[in-house]
Amino acid sequence: KAGVTQTPRYLIKTRGQQVTLSCSPISGHRSVSWYQQTPGQGLQFLFEYFSETQRNKGNFPGRFSGRQFSNSRSEMNVSTLELGDSALYLCASSWGGANTGELFFGEGSRLTVL
Amino acid sequence: EDQVTQSPEALRLQEGESSSLNCSYTVSGLRGLFWYRQDPGKGPEFLFTLYSAGEEKEKERLKATLTKKESFLHITAPKPEDSATYLCAVQEETSGSRLTFGEGTQLTVNP
């Protein structure tokens with residue numbers, strides 16, 4: 001069974017640009033969550049999508065957005081990039097129960113903002 | 001606001017030397033506490049879920065326990081392949097699926 005796939009794995013952008021990251025969940029999983037991981041802040045919750053609807057949202061500015069498609073694949077977008085957005089962005093999928101904390105993570109997309 | 005504090009930040013053990021990692025948490029209503037393992041360059045891998053004080057879970061050389069204020073991850077007779085960062089996370093009753101993570105304990109087991 002294929003795991004969670006994230007693309008691209010690495011990318012470099014400059015301040016002011018925007019970026020789109022993609023996540024393909026495990027087959028049959030309907031929930032996709034996004035987390036940002038940095039050395040100083042650890043893993044922080046960005047948002048969660050279930051059946052194409054945002055079900056939960058973390059405390060990030062509106063520059064961070066996401067969406068989910070009918071096949072459960074998800075994308076997140078960061079506009080007007082800032083240096084502080086440099087991080088590992090992790091996608092996690094689960095079968096979709098509202099309370100499940102058993103998440104299956106991808107290997108992440110490492111974003112560097114210059 | 002939910003808070004999770006893990007200690008120590010880093011731990012070096014010799015192969016076979018047992019020890020424990022600590023996770024202290026503050027949450028208004030705990031739905032679940034989760035342990036994950038993260039290897040360098042990889043995403044976190046789920047290990048355990050604990051729901052109520054007194055609960056214990058075991059997997060190979062790892063045992064997780066839970067009290068009302070903290071959780072411990074006990075590692076018995078560790079091997080070099082147990083080297084990783086261990087992350088603790090809590091899920092609050094009204095926060096839906098959101099997990100609040102600690103910053104982790106980086107464990108190194110020397111042969």
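Every chain is numbered from 1 and lettered A, B, ... according to where its sequence line falls, protein lines coming before strand lines. When reading the values below, keep in mind they use all heavy atoms of this one structure, side chains included, and skip hydrogens, waters and symmetry mates.
- Using a 4.5 Å cut-off between heavy atoms, A/L90 contacts chain B through its side chain alone, with no backbone atom that close.
- Ring geometry, B/Y36 versus B/F34: the interplanar angle falls from 30° to 60°, so the pair is classed tilted.
- Remark: of the listed residues A/M76, A/Q6, A/E75, A/Q6 is the sole one forming a side chain to side chain contact (heavy atoms under 4.5 Å, CB included) with A/C91.
- With a threshold of 4.5 angstrom between heavy atoms, A/Y35 approaches chain B through side-chain atoms but not through N, CA, C or O.
- Judged by a 6.0 Å distance limit and a 45° cone about the ring axis, A/R110 is not positioned over the six-membered ring of A/Y10.
- When each of A/Q37, A/Q44, A/R9 is checked for heavy-atom pairs under 4.5 Å with chain B, A/Q37 comes out on top.
- Contact tally against chain A (heavy-atom pairs below 4.5 Å) for B/L99, B/V90, B/T100: the top residue is B/L99.
- Of the two parts of B/Q38, only the side chain, counted from C-beta on, holds a non-hydrogen atom closer than 4.5 Å to a non-hydrogen atom of chain A.
- Taking a cutoff of 4.0 Å between a charged side-chain nitrogen and a carboxylate oxygen, B/R31 and B/E93 do not qualify as a salt bridge.
- Salt bridge status for A/D85 with A/K13: absent, with no side-chain N to carboxylate O gap under 4.0 Å.
- The part of B/L87 that comes within reach of chain A is its side chain, from C-beta onward, which places non-hydrogen atoms under 4.5 angstrom from that chain.
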